[in-house]
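Here's the structure, in structure tokens; my notes come after.
To find a chain, count down the sequence lines: A is the first, B the second, and so on, and within it residues start at 1. Computed from a predicted structure; not experimentally measured.
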2 protein chains.
Amino acid sequence: MKFSTSEENYIKSIYHLQQQGGVVSTNNLASELQTKAASVTDMLKKLNAKNLLHYERYQGFTLSDEGIKVALGIVRKHRLWEYFLVHKLEFGWDEVHAIAEELEHITSPLLVEKLDTYLSHPKFDPHGDPIPDVNGKMELRQQVNLIDLALNQEAEVSAVGSQSTELLELLKHKNIGIGTLLTVVRKFTFDNSLEVKVKNFPPFSISQQLAQTLFLKPTYGSTTVGSISK
Amino acid sequence: MKFSTSEENYIKSIYHLQQQGGVVSTNNLASELQTKAASVTDMLKKLNAKNLLHYERYQGFTLSDEGIKVALGIVRKHRLWEYFLVHKLEFGWDEVHAIAEELEHITSPLLVEKLDTYLSHPKFDPHGDPIPDVNGKMELRQQVNLIDLALNQEAEVSAVGSQSTELLELLKHKNIGIGTLLTVVRKFTFDNSLEVKVKNFPPFSISQQLAQTLFLKPTYGSTTVGSISK
DNA sequence: AAATAAATTTAGACAAACCTAAAACTTTTT
DNA sequence: AAAAAGTTTTAGGTTTGTCTAAATTTATTT
Ligand SMILES: [Mn+2]
Ligand SMILES: [Mn+2]
Ligand SMILES: [Mn+2]
Ligand SMILES: [Mn+2]
């Protein structure tokens with residue numbers, strides 16, 4: 001079945017919201033899509049009629065199995081294009097989301113597979129989020145939030161919880177990127193800031209706000225599954 | 001100013017039609033876009049209100065200077081994406097038009113310029129059609145139709161007048177592509193077929209129908225400007 | 001257990017991009 | 001120069017996706 005750009009954007013947003021909170025609400029989705037609750041209800045009826053949703057009036061909704069399959073296809077395209085934009089066209093990490101938001105709606109399935117091959121089947125996008133394969137399977141990388149990382153446990157930065165220019169600017173200043181190895185050497189309870197150490201650099205401080213947007217994969221042993229962004 | 005996908009498709013089609021026939025008619029455009037005359041009239045009013053057209057009711061229309069500028073921007077994107085699809089993703093020449101028809105509407109100007117740089121500023125698309133630069137300038141390659149090529153005058157295949165799978169199949173069989181050097185060694189008046197010679201191959205025959213879709217650039221000296229496809 | 005507040009859905013409208021059928025205009029033929 | 005034929009525009013309708021305002025349902029207070 002084929003879907004309009006608008007339908008696809010709704011499906012993908014529902015997918016992301018239900019990853020976090022389980023059942024999704026109308027207002028929730030409306031604010032995510034920058035639209036009004038009435039518009040959401042209209043679209044819910046349409047998606048429900050196409051069997052993409054589990055939906056009870058006034059009771060919230062989630063994607064059906066079919067809906068999830070469709071969502072994963074769009075997420076796959078979005079993240080593959082982001083990878084292309086950053087690694088081939090040399091876009092900055094914070095510039096690609098809006099463009100991928102358009103490219104994800106290009107219809108040709110052959111294009112997606114050729115792009116995937118051209119990029120050598122990447123497993124993660126530039127923000128550290130996993131790229132689903134043709135069948136919707138993706139690596140659920142073991143991730144810990146930096147806030148929860150044990151002292152002196154080395155870990156590799158693998159994802160970020162935001163894609164804002166502001167975050168990118170700060171990470172560049174601190175010389176942190178996807179792949180950076182670091183350890184937490186001290187935690188301060190006053191402001192929940194962390195003193196961290198990266199090889200060949202002097203120790204430096206990371207604020208609570210920054211730590212909360214960084215997700216890492218411990219170098220040995222491991223832990224919980226972290227939340228994931230677009 | 002920003003335009004919808006639909007507006008852009010109309011603008012581009014008008015551009016191609018007026019390249020050939022001067023003033024464009026409503027029915028003409030309707031059949032090019034596979035739509036109805038009434039729909040065309042609706043859109044003409046909108047484009048006219050935006051000063052993209054010279055339009056007199058019942059008298060046909062052409063693009064204004066502003067309209068041409070917009071059209072060239074879309075043509076640029078279309079041909080750059082076609083080049084990308086063929087030379088990077090290894091699509092066949094006949095597979096790319098439909099996909100480029102969607103990709104040409106992606107809005108980011110920065111994307112176009114980065115893509116252009118990534119492709120090393122190509123001057124011609126996979127069908128031999130010139131790619132306009134950022135300012136809309138493009139090489140108007142000197143082209144002769146194979147039908148009109150002088151006997152024993154060596155020339156390089158530089159464009160094709162169709163992009164069908166059928167044509168591609170035939171050209172592959174005859175080992176002809178963009179860049180092939182050939183000379184016409186004989187012309188037969190009975191069926192207007194040609195006997196042509198390509199270096200390192202035995203001479204072979206080309207039908208009138210095939211000759212009419214091939215455009216070439218003579219290796220020395222030169223001639224007329226040929227018609228050009230998408 | 002009311003009353004109040006919040007969330008959700010319905011009702012009714014609107015713009016964009018289409019369509020069919022009928023009217024208006026232009027071109028061609030007799 | 002009238003009639004016929006062809007082209008273009010207008011009139012009125014449909015679908016998709018949006019909106020505001022009002023009605024309905026659910027959740028939270030008192
Ligand atoms: Mn999108
Ligand atoms: Mn991403
Ligand atoms: Mn197009
Ligand atoms: Mn082309």
Output the single nucleotide from C/dT26, C/dT9, C/dC18 whose closest atom is nearest the side chain of B/Gln59. C/dT26
Whether the A/His105 and A/Asn9 side chains hold a donor-acceptor pair (N or O, under 3.5 Å, no angle test) is what I'd like checked. yes
On DNA chain D, check which nucleotide each of B/Val24 and A/Thr5 is closest to and give me the residue with the more 5' one. B/Val24
C/dC18 OP1/OP2 closer than 4.0 Å to side-chain N/O of B/Lys36: no
B/Leu33 CG to D/dT8 P, straight-line distance once rounded to whole Å: 14 Å
Figure out the CG/C1' separation between A/Asp42 and D/dT16, and round it to whole Å. 10 Å
So, OP1 or OP2 of D/dT26: does either fall under 4.0 Å of a side-chain N or O from A/Arg57? no
To the nearest 0.5 angstrom, please state how far the CE atom of B/Met138 sits from the CG atom of B/Asp133. 9.5 Å
Using whole Å, report how far CE of B/Met43 lies from P of D/dT8. 17 Å
Is the positively charged end of A/Lys88 above the ring of B/Tyr118, judged by distance under 6.0 angstrom from the centroid and angle within 45° of the axis? no
side-chain N/O B/Tyr10 vs C/dC18 OP1/OP2, d < 4.0 Å: yes
When rounded to whole Å, the OH to C1' distance for the pair A/Tyr58 and C/dT9 reads 4 Å
Rounded distance (Å) that lies between atom P of D/dT9 and atom CG of B/Leu47: 13 Å
Would you kindly give the CZ-to-P distance between B/Phe61 and D/dT8, to the nearest whole Å? 8 Å
Using atom OH of A/Tyr55 as one end and atom P of C/dT8 as the other, report the distance to the nearest whole Å. 9 Å
Once rounded to the nearest 0.5 Å, what's the spacing between atom CG of B/Asp116 and atom CG of B/Leu111? 11.0 Å
Please state how far atom NE2 in B/His105 lies from atom P in C/dA16, giving the value in whole angstrom units. 18 Å
Taking the side chain from B/Arg79 and the backbone from B/Pro132, do they hold a donor-acceptor pair closer than 3.5 Å? no
N or O in side chain of A/Asn27 less than 4.0 angstrom from C/dT8 OP1/OP2: yes
Would one find a side-chain N or O of A/Thr41 under 4.0 angstrom from OP1 or OP2 of C/dT9? yes
Any side-chain N or O of B/Ser6 under 4.0 Å from OP1/OP2 of C/dA16? no
Can you see if the side chain of B/Lys45 gets near the phosphate of D/dT9 - specifically, an N or O under 4.0 Å from OP1 or OP2? no
Side-chain N or O of A/Ser39 less than 4.0 angstrom from OP1 or OP2 on D/dC19? yes
Return no unless some side-chain N or O of A/Ser25 is found under 4.0 Å from OP1 or OP2 of C/dA7. no
